[in-house]
Structure formats: structure tokens, C-alpha cells
Amino acid sequence: MQAYEVFDHDGSFLSVLYLDFFPRDGKQGGAWMTSYREQYKENGKDVRPHISVVTNFTRPTSTKPSLLTYNEVTTFLHEFGHALHGMLSDVTYESMAGTSVYRDFVELPSQIMENWARQEEWLQNVAKHYETGEAIPVELVDKIIAAGNFQSGYATVRQLSFGMNDMAWHTIEEPVTAEVAQFEKEAMEPTELFPDVNGSCMSTAFGHIFDGGYAAGYYGYKWAEVLDADAFDLFLQNGIFDQATAQKFRENILSKGGTKDPMELYVSFRGHEPSIEPLLERSGLKQ
Ligand SMILES: [Zn+2]
């Protein structure tokens, strides 16, 4: 694990960032961002946060450096987005710092970062061959972008159906007397594309809807995609490296934590409420 001191453009101290990339004995699998200390202000002092990104990336060997898969690259960008949310926090109360926001808003700073990995301009800058230093070929970038939309229509309605089933269970007002399978069939019916497989039952196998903090919040995954696609659209308009747009994102979203209603923060960044169009466009679903 490596620790970095992170400074703002004016030289002021922002955060300690711990990057823990590789697997080792006893380490939990997966990838996540966490904070050892949140940002807060007390007696005129701005106490800066200690943020950590933990992953289990492909390890370097004696002959090769760590060669990340595309999935590992997007994972890094995702967790780094959460880390920025933590590191750039500028609030008074610890309980509202960084990622302490509503669940359906917390994945905006992380998911928006993944958009850069679909941009030729960014990939050609970052993805260099480890021996020759050559930038990633345009044909490969095109393949990455094309493959990104494989079965995106099906994936979209599938996510929607999970969200609807989750919300159906969490909005019952009377005890449910119907069979579980029948209940979910009705809940997911509006998004059903294919005949259901006899004997299958999603609800009883779906940890997210009763466990792990997503209860009545599973829709947040899809909603965050609407937000991240619409927010990234402003970067596409102004340039993916445009500092003024980035600064606006930092000021209105990354620094504000949970101090204001998410929609208020979003509108102050974007100038209007999120539109579904950029997500449809990105997923190749626009008619
Ligand atoms: Zn996340």
C-alpha cells in the first residue's frame, strides 16, 4: 500500500490518499473506497480527510509490471471518483462530508469517471504499451466502445425490473398472501421481454433487496447512470479535459457532501434537471 499527500492547485493540503492495489493473504476480495478520517471543520480549523482506495488488481510479476484489464481500469476510475468525493469535501459537519449523501446520489461521482475510459482522447493518453510506449490502437478503442453496448437494451430493462421488484416489496401496505413468485411476476411484468423460466424466483435469491443497505434503493444504480451520463454530457460539450467544467463539478457536487438536496446540487452544476437522453444515446438505445 502506498500513501500520498494530496495538495490543491494553490499548494494547500487536501488529503492523505492510501492506494492499496494488490491482493495478499487475508485481504478481502473486491474493490472499494473507504475513509479513515472524514473532513470537518472545528474552531476555525479545516480537518482534512484520510481516504483509501482498495482493489485486488493483477499483480506485477518478476518480468512484467501490473498489466490492468479494461475492467480493472474502469474499477480504478470508479473508486477514484468516490475518493475525489471524499478528498475534496468542504463541509462543516463530519456526518455530511464526502460520500455521506443519499444512496441514489452516491454513485454519480464514481460512475461519471468511467466515461473517460470510453473516450479515445483519454485512452490514447493513458493506455500505452508497457514495452514500446505505443498508444493503444484506435481499432481497439473502437472495439471497446462497440462492445460496451452489447445487449444494452436487455441489460437496461433487466436493471429496471430488479428496481421495480425491490420497490414493490418495500411499498406493501398489507401482508402479502400471494406466492412470492406470483408477487414478483406482477411487479416485474412491465419490463418482461421474454417468457419467464418456470420455477425461477428472483426475490428469494436477491440479497440486495433485503440486505446490504440497498432495500428500496436498488433503482439507484440505474438512476445514477441517468445522472452520470447527463453530467458527462457537459464534459462532452465543453471538452473532456475542460478545467472550468471540472471545477464546476468540484464546487457544486464533489465538495458539498450531503449538505444540500442532491437535485439542488445537480442543477447548480448542470443548469437543469437530468435528462434521460444522454444515457439512451450512450447505450445506443436512442431511436
Ligand atoms: Zn461505487
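If you read the sequence from its start, that first residue is 1, and numbering goes on from there.
S268 has its side chain out of reach of K260: every pair of non-hydrogen atoms, C-beta onward, lies at least 4.5 Å apart. Side-chain contact between D233 and F235: absent, with no pair of heavy atoms (C-beta onward) separated by less than 4.5 Å. At a threshold of 4.5 Å between non-hydrogen side-chain atoms, the residues H78 and T75 do not count as touching. F269 has its side chain within reach of L234: a pair of non-hydrogen atoms, C-beta onward, lies under 4.5 Å apart. The closest side-chain heavy-atom distance from L254 to F249 is below 4.5 Å.
Using bins of under 30°, 30° to 60° and over 60° for the plane-to-plane angle, the ring pair F76/F21 lands in the perpendicular bin. Ring-plane geometry between Y154 and F194 is classed as tilted, the angle between the planes lying from 30 to 60 degrees on a 0 to 90 degree scale.
Without hydrogens or angle criteria, S161 side chain to T191 main chain gives no donor-acceptor distance under 3.5 Å. Proximity of a side-chain donor or acceptor of R37 to a complementary backbone N or O of R48 within less than 3.5 Å is detected. Under the 3.5 Å distance criterion, the side-chain polar atoms of R270 are matched with a main-chain donor or acceptor of D230. No donor-acceptor pair under 3.5 Å is formed between the side chain of T132 and the backbone N or O of H129. Checking side-chain atoms of K286 against main-chain N and O of P278 turns up no donor-acceptor pair under 3.5 Å.
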Carefully, step by step, assess Y266 and F105 under the rule ring pair (Phe, Tyr, Trp, His ring centres under 6.0 Å).
CA-CA 10 Å; Y266 190 83; F105 191 60; 7.4 Å; no

List the steps and the verdict of salt bridge (Lys or Arg N to Asp or Glu O under 4.0 Å) for D261 and K256.
CA-CA 10 Å; D261 186 83; K256 292 286 190 294; over 6 Å; no

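Defined by atom type and a distance below 3.5 Å, a donor-acceptor pair is present between the side-chain atoms of N165 and S203. Side-chain contact of D10 with S12: a donor-acceptor pair under 3.5 Å is present, judged by distance alone. Between Y40 and D46, the side chains place no donor N or O within less than 3.5 Å of an acceptor N or O (distance only, hydrogens not considered).
Under the 4.5 Å side-chain contact rule for hydrophobic residues, W116 and L140 share a cluster.
Between W122 and F241, the distance separating the two ring centers is not shorter than 6.0 angstrom.
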